[in-house]
Amino acid sequence: MLFDTHVHLNVHQFDEDREEVMVRAKSAGVEYMVVVGFDHETIPKAIELAEAHSNIYAAVGWHPVDAIDMTEKELTWLEELSKHPKVVAIGEMGLDYHWDKSPKDVQKEVFRKQIQLAKKVDLPIIIHNREATEDIIQLLKEEKAEEVGGIMHCYSDSPEYVQECLDMNFYISLGGPVTFKNATLPKEVAKIVPLDRLLIETDCPFLAPHPNRGKRNEPAYVKLVAEKIAELRDTTFEQISQTTTENALRFFQIK
Ligand code: NI
């Protein structure tokens, strides 16, 4: 049994064959998924998918790339949605210094507001980090994010920051990059994260694992991520799939 903790089945890339993709996920052993909404279009779609499927849950947040578009109205909207029984986390949120649509100070402010919201509604958070690790850790500390905990989604930084994340009550989620032939950091991270803090994800339709790299990703491929982690840790696929599923159920408080 597998739990894909970060999917975007709510985006247009799945409009043609969403049901078939879900059937393939089931066949691959993917029992649970969290669909992550991040803007005006994808958030309602995440809720809709969670309402229609008993094994699908939703996370709602505002993406840092679009931080400049978030107003009090969106924040209030997120707070209302957080009460939905299938909403299990706030996010994705964070900092993205790769794109410059939203200035850094605006991204930081929107990130802070969402951490504060998560604490108010008592839900964990999902972090998107691109080229911003040190600022993210600093901000998580300042806002005392350890009170709700969270996921470092598709963790792709060096192993040196892992302990700080663990100390803040965070889980480390690994995706497709752990399977990439030239990716050394995620492989090192896969070996050192304590098993009880490890999660797996696809982040589909992005970051398809080897040998599907470059193609559209889908939840069924989370199996490839689990297999690679098992190989790197010199353990069995069964142990990785079972433990990461238990971790995700506990983290999202799914009964
Ligand atoms: Ni994502």
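No hydrogens, no waters, no symmetry mates; every other heavy atom, side chains included, goes into these values. Counting starts at 1 for both ligands and their atoms, following the listed order. For the single chain, residues carry numbers from 1 onward in sequence order.
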(request) Test side-chain hydrogen bond (donor to acceptor under 3.5 Å, both in side chains) on E79 and T76 and set out the steps. (result) CA-CA 5 Å; E79 183 169 351; T76 307; 5.9 Å; no

(request) For E134 and Q138, test the side chains for any donor-to-acceptor distance below 3.5 angstrom and give the result as yes or no. (result) no

(request) Determine which of the N, O or S atoms in D203 is closest to the Ni ion (ligand 1) and give its atom name. (result) OD1

(request) Decide whether a cation-pi geometry holds between R213 and F180; the criteria are a distance under 6.0 Å from NZ or CZ to the six-membered ring centre and an angle within 45° of the ring axis. (result) yes

(request) Compute the ring centroids of H8 and F38, then answer whether they are less than 6.0 Å apart. (result) yes

(request) Verify the distance test for H63 against the Ni ion (ligand 1): any N/O/S atom under 2.8 Å, yes or no. (result) no

(message) Tell me whether the Ni ion (ligand 1) has H6 as a neighbour, meaning an N, O or S atom of it below 2.8 Å.
(response) yes

(request) Please work out the angle at the Ni ion (ligand 1) defined by atom NE2 of H8 on one side and atom OE2 of E92 on the other, rounded to 10°. (result) 90°

